[in-house]
Amino acid sequence: MHIAILTFEGYNELDSLIALGVLNRVRLPGWQVSIASPTRTVRSMNGVVIESMVDLETACAADAVIVGSGAKTREVVETPAIMDVLGNLDPARQLIAAQCSGALVLAKLGLLDGIPACTDLTTKPWVVAAGVEVLNQPFYAENTIATAGGCLASHYLAAWIIARLVGREAAEDAIRYVAPVGEKEDYVARAMNNVTPYLQTTFTTV
């Protein structure tokens, strides 16, 4: 299984890297989690430079994709060279998730037509203007598309993907591993309470 986290110039470290860390708590043969970017390196909104692990074309063929958030998402959706590639995302064959302003990318791709979304408060007006209902909650999923709002909701996306691809127990184990000592069961319960209502049967790619 390959999970790609789309990470653009001006990315939010919490959005991309928390998901990366939680997803990598799964230790299964063939389990791969990659940072995917349109350029070899990208700089975060706070100046953290990271290297891309795969390109966007490879990411669009992954079993699951998280569209990360950042300070330049409105520039991303106005860049045809990026959006044309992302037009290959397909909810019929892969899980697709968006963190905060990543919901704007999904909206512009037409992937949220008739589907409400979660996003951060800054991005909300842009997503609403794109014709998408924005929910006042941290996580929502419908079939193979999920969105999360707020940086610290990124582990909900990771938990949802793990639960869909591997199972609920694996998702709980991943959250438990990263949760604070003395609060682990509280963190697991909160995460799964947000994710469980939107879990379908285990997802199989075609």
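Side chains included, hydrogens not; waters and symmetry mates left out as well; all remaining heavy atoms used. Quick caveat: nothing in here was measured; it's all calculated off a predicted structure.
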Tell me whether [X] contacts the main-chain N or O of [Y] through its side chain, where contact means a donor paired with an acceptor under 3.5 Å.
X     : Y     : value
Ser34 : Ala36 : no
Gln94 : Ile3  : no
Arg40 : Ser37 : no

Contacts table for residues 12-23: side-chain donor-acceptor under 3.5 angstrom, sequence neighbours left out:
from	atom 1	to	atom 2	distance (Å)
Asn12	OD1	Leu14	N	2.9
Glu13	OE1	Asn46	ND2	3.1
Glu13	OE2	Ser44	OG	2.7
Glu13	OE2	Asn46	ND2	3.1
Asp15	OD2	Ser69	OG	3.4
Ser16	OG	Thr7	OG1	3.0

Quick one: side chains of residues 73-87, donor-acceptor pairs under 3.5 Å with protein atoms, not counting sequence neighbours, listed by atom name and distance.
from	atom 1	to	atom 2	distance (Å)
Thr73	OG1	Gly70	O	3.1
Thr73	OG1	Ser101	OG	2.6
Thr79	OG1	Glu75	O	2.7

Only pairs under 3.5 Å count here: list side-chain donor-acceptor contacts from residues 132-140, not counting sequence neighbours, and write none if there are none.
from	atom 1	to	atom 2	distance (Å)
Gln137	NE2	Phe139	O	2.8
Gln137	NE2	Tyr198	OH	3.1
Tyr140	OH	Glu142	OE1	2.6

Query raised in the report: Taking only residues two or more places apart in sequence or in another chain, which ones pass salt bridge (Lys or Arg N to Asp or Glu O under 4.0 Å) with Glu9?
Result: none
**Report entry** Reported CD1-to-CD1 distance for the pair Ile5 and Ile35, which is rounded to 0.5 angstrom
**Finding:** 4.5 Å
Query - CD-CE distance between Gln32 and Met53, expressed to the nearest 0.5 angstrom - result: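 The CD atom of Gln32 sits 6.5 Å away from the CE atom of Met53.
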Query raised in the report: Among pairs that include at least one residue of residues 104-122, which meet salt bridge (charged side-chain N to carboxylate O under 4.0 Å, His left out), considering only residues two or more places apart or in two chains?
Result: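 As it turns out, there is no salt bridge (charged side-chain N to carboxylate O under 4.0 Å, His left out) pair with a partner in residues 104-122 once direct neighbours are skipped.
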Query - Minimum heavy-atom distance Leu106-Ala97, with the two atoms named - result: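 Closest heavy-atom pair between Leu106 and Ala97: CD1-C, 4.5 Å.
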Does [X] reach the side chain of [Y], with side-chain heavy atoms less than 4.5 Å apart?
X      : Y      : answer
Leu157 : Gln99  : yes
Thr144 : Ile96  : no
Ile145 : Leu112 : yes

Review item, side-chain donor-acceptor pairs of residues 173-183, under 3.5 Å, at least two apart:
from	atom 1	to	atom 2	distance (Å)
Asp173	OD1	Arg176	NH1	3.1
Arg176	NE	Glu185	OE2	2.9
Arg176	NH2	Glu185	OE1	3.4

